[in-house]
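Everything numeric in this text was worked out from a predicted model, so none of it was measured.
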Amino acid sequence: EEKDDKEEKDDKEEKDDKEENGDEEEDEDEDEEEDEDEDDESETKDAPAVSDEKGARQCSIYMAESSIKGVNSMGIFTLRDINSGEELLQGGPDGPSITLLSDHFRANTARFPDATTWLRLWGNYAWGLGKGVPDHVAYEGLPYSIFEHQTTFGALPNHHCTLHSLAFRFPHNNGDAFDDTLHETEAAMAGAITYNVGRDWTVNRKVEAGEEVFLNYGHCKRPYPEWIPKDIPTPDEYRLATNYIMKMLENDDEEMPHAENVRKLLSEDTVASLKKALKDGKLEKHTGDVARFLANAYEIEPRTADWIKENGKCLEHLHALPSKIYPEAGHGGFSQHSIKKGGVIVPAPMVHVMDQDTLAMYDHENGKLTGFQVVLNYCFGNKDSTLLMCPSTNALLINHCFSDDKNCKVNAQLVWDEDVKESETWRTNYTLRDLAQEKARGLVTDIVALNDINPGDEVFLDYGKEWEDAYKHHASVWKKASEHPLVRGAMSVKKANDEWEIPDSLMSGVFHKMWHDDYLMPTCRFSPTKIDRDEKLYTDDVAANWRKWNETTILQKFSTEGSTYQNHKYENHHDFSYWPCTIVRRNKEEENTYLVRIFPNPFANDKVAWVGENGKIMPRFVFHYPREAIQFMTNPKAGDQYQPQVFRHPIAFPEDIFPQQWKNL
């Protein structure tokens, strides 16, 4: 199913739908919400390795035709039982995400002045602010709005309000979510790759082998977006049918619901099968389980493991590890399984960009061109066309093998997926004008093996001669530069976050002073309380005179104790949980706690009283604040990806299979 714009997702609606299905409701209270996170953290389990009778690791996650009846799309399936809280992918997190500055996306370029429909495609598949985007991504693009382009589980699952099972976490350690190790080097690849590390995807309920895994986009009430079939039942209708079932089990004379949309879910065969499942112990008498049973019976075409293997493609062959041959390229794609010559290493559904000029970045103040967005480096293109095609899977992990490097060998190539008829129609019959009117993803390719690939092998593509020549020229200029065009600052974000005891150089040491660095920005997990809304406490007199008062008076009036933030790690944070802060000093009486000052959150909906009408910021301190709740990020637009002279060039789409009618240059 085509994903609609996640900016339109209604969080309250999703919460209501979970409640209607009998699932556990997420409490809106911040403290209770954080307690849930701590419990979840202890229950998260790594995905078990799946092996054959000879001990060889086997793929367990596939992309195949969706099991939703009457829907022509691909979905994600599991071949193993997955328990609640268990990770889906064997071998680590999903591939990296890529930050997109949505304000810079300009659909109506000079070459396509009237073509704006295709831009909805990115809104349909990228994640918007407030919808699961990590805070370090939200801050990095200010003052612009951002999207986050994700891979695999963030891009491929179909939507379902009742059968949804996917959840995610950010990497476990504070320093693992954003890996800017290249920032402290003189590597010419700095700023040319994303530093965002992939998510750990888990399930929030038990999922059985053969099931399609779904993500809830939040469109759970009528009227539906156009891409959801009108006859798909709502969670409310499943709730009414479930209530009837629960009462009917106690009283055979219970009257059938009158609503036709509910009655159609309760056929004689379905009710009989449900009763048998309850009797045999295969189904628990729980409203959520019963609703899912009804949804499976009415909407889902069961898939067997053999069918999925025969008709699907593995999404688990590749996982991300630091590249052994090209460390400055960051992570590479490494095979977890044996793959025969000609076999599909990873499917690569593409999201298209009509004109690479769409990815241009402009100065916020003077409107001048400053460069291009980093996603350009992950997209495939042709020198004679403006069109770009950007993978939605771990295909984007695969690095280039330089032609003069004897230490590596190209062992993979990009081909069209011949099994997807829609993709064949698009590339055979569509002009660029036709593509510009599409807001769905229809171009599908595969990365296939040129020779046998063994577990542990790094996979390499040939990015093309133009790419290689362009990079070598860039590297030669970069190395000759007396000063590299990066915002250096005190240290890298990763190094700062890896420092368990914060060094003095990252603290202000002065009570009234805000610590500032050109590159680093400290943030603190923070949730406003009553003191933050107390307008009688924060007055014009405070705004004018607080800097004249002594430290004891200020802390007595305008601070709270921070032990409530213990164990609140970055991996399980919610949108906009982190506020800019200054770390004033270390607490000598309690190990690894600090005095911090909180500053306004540009994304927060709640107004705080300590920001005056004239914009003056009054004191708000937290003492005994734990180290694990402090996260360093890049200052807005200070990241390597936004600096001038960083490398940008698309990957070459194979010339022999690029449609001639798409060449417009």
- Message: Looking at every heavy atom in both N567 and E628, which two are closest together, and how far apart are they?
- Response: N-OE2, 2.9 Å

- Message: Is it true that S273 and T270 share a donor-acceptor pair across their side chains at a distance under 3.5 Å?
- Response: no

- Task: Could you check if a side-chain atom of V207 sits within less than 4.5 angstrom of a side-chain atom of D81, using non-hydrogen atoms only?
- Result: no

- Message: For C59 versus H317, what's the shortest heavy-atom pair and its separation?
- Response: CB-CE1, 4.4 Å

- Can you find a heavy atom in the side chain of Q90 that is under 4.5 Å from one in the side chain of S60? yes

- Message: Would you say the rings of Y298 and Y238 are close, in the sense that their centroids are separated by under 6.0 Å?
- Response: no

- Using the salt bridge (charged side-chain N to carboxylate O under 4.0 Å, His left out) rule, take D289 and R292 through it: C-alpha gap first, then chi angles, then the decisive distance, then the call. CA-CA 5 Å; D289 291 337; R292 284 187 283 271; 3.1 Å; yes

- Query: Do N196 and T99 get their side chains close enough for a donor-acceptor pair, meaning under 3.5 Å?
  - Reply: yes

- Query: Hey, mind stepping through V271 and I245 against side chain to side chain contact (heavy atoms under 4.5 Å, CB included) and telling me if it holds?
  - Reply: CA-CA 8 Å; V271 173; I245 291 290; 4.2 Å; yes

- Query: At their closest point, which heavy atom of C379 faces which heavy atom of L388, and how far apart are they?
  - Reply: CB-CB, 4.1 Å

- Task: Locate the shortest heavy-atom distance separating F178 from E140; write the atom from each residue and the value.
- Result: CE1-OE1, 4.4 Å

- Query: Got I98 and Q150 here, is their nearest side-chain heavy-atom distance under 4.5 Å?
  - Reply: no

- Query: So, do Y139 and W579 have ring centers that fall under 6.0 Å from each other?
  - Reply: no

- Between the main-chain N or O of K421 and the side-chain N or O of T425, is there a donor-acceptor pair closer than 3.5 Å? yes

- Query: Are the side chains of M63 and P347 in touch, meaning some heavy atoms are under 4.5 Å apart?
  - Reply: yes

- Query: Any donor-acceptor pair under 3.5 Å linking the side chain of E310 with the backbone of W307?
  - Reply: no

- Item | Any side-chain heavy-atom pair of R222 and E237 under 4.5 Å | yes

- Note on the structure: Rounded to the nearest 0.5 angstrom, the SG-CZ distance for C390 and R441 is 12.0 Å

- ring-ring contact (aromatic ring centres under 6.0 Å, His included) between H149 and W127, worked out: CA-CA 7 Å; H149 176 47; W127 291 46; over 10 Å; no

- Show your working on salt bridge (charged side-chain N to carboxylate O under 4.0 Å, His left out) between D417 and K313 and close with a plain yes or no. CA-CA 11 Å; D417 186 329; K313 293 176 180 176; 2.5 Å; yes

- Could you go through the salt bridge (charged side-chain N to carboxylate O under 4.0 Å, His left out) check for E250 and K285 one step at a time? CA-CA 12 Å; E250 304 295 332; K285 190 178 176 182; 2.4 Å; yes

- Query: Just checking, R199 and F168: is the charged tip under 6.0 Å from the six-membered ring centre and within 45° of the axis?
  - Reply: yes

- Note on the structure: So OG of S102 and CD of E148: to nearest 0.5 Å the spacing works out to 12.5 Å

- Message: Is the ring pair H352/W426 parallel, tilted or perpendicular, if the boundaries are 30 and 60 degrees?
- Response: perpendicular

- Distance, nearest 0.5 Å, that separates CD1 of I447 from CG of L397: 11.0 Å

- Message: Could you check whether any side-chain N or O of S423 sits under 3.5 Å from a backbone N or O of V420, counting only pairs where one atom can act as donor and the other as acceptor?
- Response: no

- Message: Checking W118 against Q437 for the side chain to side chain contact (heavy atoms under 4.5 Å, CB included) test, could you report, in this order, the C-alpha distance in whole Å, the side-chain angles of both residues, the deciding distance, and whether it holds?
- Response: CA-CA 6 Å; W118 71 270; Q437 300 306 316; over 6 Å; no

- Message: Around atom NZ of K607, are there more than 12 heavy atoms from other residues, nucleotides or ligands closer than 6.0 Å?
- Response: no

- Any side-chain heavy-atom pair from T234 and Y224 closer than 4.5 angstrom? yes

- K69 NZ: over 12 foreign heavy atoms closer than 6.0 Å: yes

- Query: Within a reach of under 6.0 Å around CG of D280, are more than 12 heavy atoms found that belong to other residues, nucleotides or ligands?
  - Reply: yes

- Message: Looking at E87 and D200, would you say the former's side chain and the latter's main chain have a donor-acceptor pair under 3.5 Å?
- Response: no

- Note: E226-K439 ion pair, threshold 4.0 Å (strictly below): yes

- Indicate yes or no: at least one non-hydrogen side-chain atom of V375 is less than 4.5 angstrom from one of L100. yes

- Message: Donor-acceptor check, side chain of T162 to backbone of A295, threshold 3.5 angstrom: yes or no?
- Response: no

- Task: Keeping the roles fixed (side chain from N394, backbone from V346), state whether a donor-acceptor pair exists under 3.5 Å.
- Result: no

- Query: Within the side chain of N216, is there an N or O that forms a donor-acceptor pair under 3.5 Å with the backbone of G218?
  - Reply: yes

- Message: For the backbone of Q336 and the side chain of H319, can you confirm whether one donor and one acceptor N or O come within less than 3.5 Å of each other?
- Response: no

- Going through the distances and angles, do E438 and R120 end up as a salt bridge (charged side-chain N to carboxylate O under 4.0 Å, His left out)? CA-CA 8 Å; E438 288 291 346; R120 283 293 297 252; over 6 Å; no

- Task: Would you confirm whether S67, through its side chain, and I300, through its main-chain N or O, come within 3.5 Å as a donor-acceptor pair?
- Result: no

- Message: Does Y217 form a side chain to side chain contact (heavy atoms under 4.5 Å, CB included) with C161? I'd like the steps, not just the answer.
- Response: CA-CA 8 Å; Y217 304 167; C161 297; over 6 Å; no

- Determine whether the aromatic ring centres of H164 and F214 lie less than 6.0 Å apart. no

- Would a distance-only check, ignoring hydrogens and angles, find a side-chain to backbone donor-acceptor pair under 3.5 Å from D446 to L414? no

- Message: When you compare the side chains of E212 and S66, does any donor N or O come within less than 3.5 Å of an acceptor on the partner?
- Response: yes

- Item | Point-to-point distance, once rounded to the nearest 0.5 Å, from CZ of R427 to CG of L435 | 12.5 Å

- Task: Kindly compute the distance separating CG (D94) from CD (E316), expressed to the nearest 0.5 Å.
- Result: 10.5 Å

- Side-chain H-bond candidate by donor/acceptor type, H136 with Y570, under 3.5 Å: yes

- Could you tell me whether the side chain of I82 reaches within less than 4.5 Å of the side chain of K206, counting heavy atoms only? no

- side chain to side chain contact (heavy atoms under 4.5 Å, CB included) between T445 and V415, worked out: CA-CA 6 Å; T445 60; V415 300; over 6 Å; no

- Distance col, row H331:NE2 vs L318:CG, nearest 0.5 angstrom, shows 13.5 Å

- Contact summary for V133 and A138, nearest pair of heavy atoms: CG1-N, 4.2 Å

- Message: Around atom CD of E422, are there more than 12 heavy atoms from other residues, nucleotides or ligands closer than 6.0 Å?
- Response: yes

- Query: Do you know which two heavy atoms are closest between W201 and A167, and how far apart they sit?
  - Reply: CE3-O, 3.3 Å

